[in-house]
Number of protein chains: 2
Amino acid sequence: MTKVAALLEGRGLRPSHQRVRIYEVLAATKAHPSAEDLWQALQPELPTLSRTTVYNTLASFLGLGLAKPIYIQGEELRYDADMESHGHFRCRSCGRVYDFPFGEAEYRPRLDPGFVPELVQLACVGLCSGCAKPREG
Amino acid sequence: MTKVAALLEGRGLRPSHQRVRIYEVLAATKAHPSAEDLWQALQPELPTLSRTTVYNTLASFLGLGLAKPIYIQGEELRYDADMESHGHFRCRSCGRVYDFPFGEAEYRPRLDPGFVPELVQLACVGLCSGCAKPREG
DNA sequence: TTCTCTGCAAACGCTTTGCACGGAT
DNA sequence: ATCCGTGCAAAGCGTTTGCAGAGAA
C-alpha cells in the first residue's frame with residue numbers, strides 16, 4: 001500500500017488506481033492544474049480515464065480536505081493539493097499561477113462588527129519576474 | 001441630456017436608452033448584480049430588452065472603466081459601478097456580497113523580486129452580521 | 001451478491017457569437 | 001445611405017447529472 005493509497009483510505013476513500021494517480025499528479029505539481037489539465041496529463045498512462053472521474057475525484061478531494069479549489073478571475077476551476085494558506089499570483093502575460101506566502105493575520109480585513117470571516121483569499125494579477133523584464137538578464 | 005448620458009457619451013458610447021438605464025440601475029445598487037439580475041430588474045420597464053444587450057453593454061462598461069467585474073468563487077460574474085478599491089465579503093448563508101474598505105497598500109503581497117502586481121483582490125467568505133447571530137437582537 | 005466506482009452521453013448554466021432587422025446620423 | 005445598436009437563436013465552454021456496466025468487498 002503506497003503512501004497516497006493509505007492517505008485516501010484514511011479519509012474513507014477507496015484507493016482506486018485512478019484516484020491514487022490523480023492525487024499523485026496533483027500533489028507533484030505546483031502548476032495548479034484544472035480538471036482538464038489533470039485529465040490530459042494522465043491520458044498517456046490511463047487512456048480510458050474519463051473527465052467525469054476526474055471531476056468526481058476532485059470533488060471528493062475538496063470535501064475531504066485533500067485539496068483546495070482555486071478560483072481565478074472567471075477562469076476554469078483549478079486545484080491545489082497544498083493545504084497551507086497562501087495567495088495566488090497570476091501572470092497576465094504567460095498565464096502561470098504562482099503561490100506566495102501570506103498569513104491570514106497580516107491581511108485581516110476591516111469588516112463591520114458582527115461579520116465572521118472564515119476564509120480570506122488574496123489574489124494578484126500582474127507580471128511575473130520572467131515576463132516583467134524580458135530584456136534584462 | 002442626463003448626467004449618465006453625458007458620462008457615456010464622454011467615453012465614446014452612444015447613450016441609448018438601454019445603456020443609460022443599465023448603467024443607472026447598476027450605479028444605484030450596492031448588491032453587485034449579475035447580468036441576469038440587471039436584466040430582470042429592467043424587465044418591467046424594458047420588456048423587450050435582451051440579455052445579449054445587457055452582456056454587450058456590461059462588456060463595454062468594463063472596457064471603458066465604468067464598472068468593475070467581481071469574480072466570486074466560481075459564481076456568475078457580478079458587476080460593480082463603484083470603481084474605488086475595496087474588498088468583497090460573501091456571506092455563505094444568505095449569499096449577499098458586502099464591500100469592505102481596503103487600501104492596496106495595507107495588503108501588499110510578499111512577492112518574489114521582479115514580480116509586478118497590478119491588481120490585488122481580497123475576497124472573504126464567512127457569515128455576515130445578520131446571519132452570524134440570528135438569536136441576538 | 002451487494003455496493004461502490006467508472007465512464008459515456010446528455011443536460012446544464014452562464015456567456016459569447018452569428019446574423020438580420022431597425023433606428024439614428 | 002451608412003452605421004451602430006439591438007435582440008433572437010444557436011453555439012460554446014466548463015461542469016454536473018443519469019444511468020448502465022465493471023469491479024472490488
Side-chain angles (χ1 to χ4, degrees), chain A residues 1-2 4-6 8-23 25-26 32-43 45-64 66-79 95 97, chain B residues 1 4-5 8-23 25-26 32-43 45-64 66-79 95 97:
Chain A
M1 164 102 66
T2 70
V4 168
L8 298 187
E9 202 152 51
R11 308 282 178 128
L13 210 57
R14 194 183 294 172
S16 71
H17 186 49
Q18 289 92 328
R19 286 171 176 167
V20 169
R21 290 302 295 135
I22 291 170
Y23 184 86
V25 172
L26 177 60
H32 312 87
S34 62
E36 177 74 17
D37 293 336
L38 291 165
W39 180 79
Q40 296 222 357
L42 287 164
Q43 274 306 101
E45 59 174 287
L46 295 173
T48 68
L49 178 67
S50 82
R51 275 172 249 255
T52 303
T53 297
V54 177
Y55 279 109
N56 288 342
T57 300
L58 289 169
S60 320
F61 289 176
L62 296 186
L64 296 169
L66 291 169
K68 281 196 305 191
I70 303 176
Y71 298 96
I72 300 181
Q73 295 256 128
E75 286 180 3
E76 354 129 56
L77 181 50
R78 293 156 172 265
Y79 299 84
V97 174
Chain B
M1 165 101 68
V4 168
L8 298 187
E9 203 152 50
R11 309 281 178 129
L13 210 57
R14 193 183 294 171
S16 72
H17 185 50
Q18 287 93 328
R19 287 172 175 165
V20 169
R21 289 302 296 135
I22 291 170
Y23 184 86
V25 171
L26 177 60
H32 311 86
S34 63
E36 177 74 17
D37 293 336
L38 291 166
W39 179 79
Q40 296 222 355
L42 287 164
Q43 274 306 101
E45 59 174 287
L46 295 173
T48 69
L49 179 67
S50 83
R51 274 171 250 254
T52 302
T53 295
V54 177
Y55 279 108
N56 287 343
T57 299
L58 290 169
S60 320
F61 289 175
L62 296 186
L64 296 170
L66 290 169
K68 281 195 305 192
I70 303 176
Y71 299 95
I72 300 181
Q73 296 254 129
E75 288 180 2
E76 354 129 56
L77 181 50
R78 293 156 173 263
Y79 299 84
V97 174

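Protein chains get the first letters and strands the later ones, always in sequence-line order, with residue 1 at the start of each.
Remark: side-chain polar atoms of A:Arg51 are not paired, donor with acceptor, to backbone N or O of A:Ala35 under 3.5 angstrom. Without hydrogens or angle criteria, B:Arg78 side chain to B:Ile70 main chain gives no donor-acceptor distance under 3.5 Å.
If you check every strand for non-hydrogen atoms under 4.0 Å, B:Ser16 touches sugar and phosphate atoms only. Within 4.0 Å of B:Thr48, counting heavy atoms only, lie sugar-phosphate atoms of the nucleic acid but no base atom. Residue contacts for B:Gln18: at a heavy-atom cut-off of 4.0 Å it reaches the sugar-phosphate backbone alone, with no base atom in range.
Annotation: side chain of A:Leu77 is not in contact with side chain of A:Leu58 (no heavy-atom distance under 4.5 Å). Annotation: side chain of B:Tyr71 is not in contact with side chain of A:Tyr71 (no heavy-atom distance under 4.5 Å). Using a 4.5 Å heavy-atom threshold, the side chains of B:Val4 and B:Pro15 count as separate. The side-chain heavy atoms of B:Ile22 and B:Trp39, taken from C-beta on, include no pair separated by under 4.5 Å.
Regarding contacts with the backbone of C:dC8, every side-chain N or O of A:Thr52 stays at 4.0 angstrom or more from both OP1 and OP2. Phosphate proximity of C:dA9 to A:Arg51: absent, as no side-chain N or O sits under 4.0 Å from OP1 or OP2.
In this structure, B:Glu9 atom CD and C:dA24 atom C1' are separated by 12 Å, rounded to whole Å. The nearest whole Å value for the distance from the CZ atom in A:Arg19 to the C1' atom in C:dG7 is 13 Å. In this entry the distance linking CD of A:Gln43 with P of C:dG7 reads 10 Å, nearest Å. At whole-Å resolution of the value, CD1 in A:Ile22 and C1' in C:dG7 are 12 Å apart. Nucleotide C:dT6 holds its P atom 11 Å from the CG atom of A:Leu46, rounded to whole Å. If you measure from atom CG of B:Leu58 to atom P of C:dC14, you get 15 Å, rounded to the nearest angstrom.
The side chain to side chain donor-acceptor pair (under 3.5 Å) test applied to B:Asp37 returns B:Ser34, not counting sequence neighbours.
Within residues 70-77 of chain B, the residues having any heavy atom closer than 4.0 Å to DNA chain C are, in order of number, B:Glu76, B:Leu77.
Boundaries of the chain A contact region on DNA chain D are D:dG14 to D:dT17, first to last in 5' to 3' order (nucleotide atom under 4.0 Å from a heavy atom).
In the set C:dT6, C:dT4, C:dT17, C:dT4 carries the atom at the smallest distance from any side-chain atom of A:Arg14.
Rounded to the nearest 0.5 angstrom, B:Leu46 CG and B:Arg21 CZ are separated by 7.5 Å.
Residue A:Arg19 is tested with A:Val54, A:Thr57, A:Asn56 for a side chain to side chain contact (heavy atoms under 4.5 Å, CB included); the sole match is A:Thr57.
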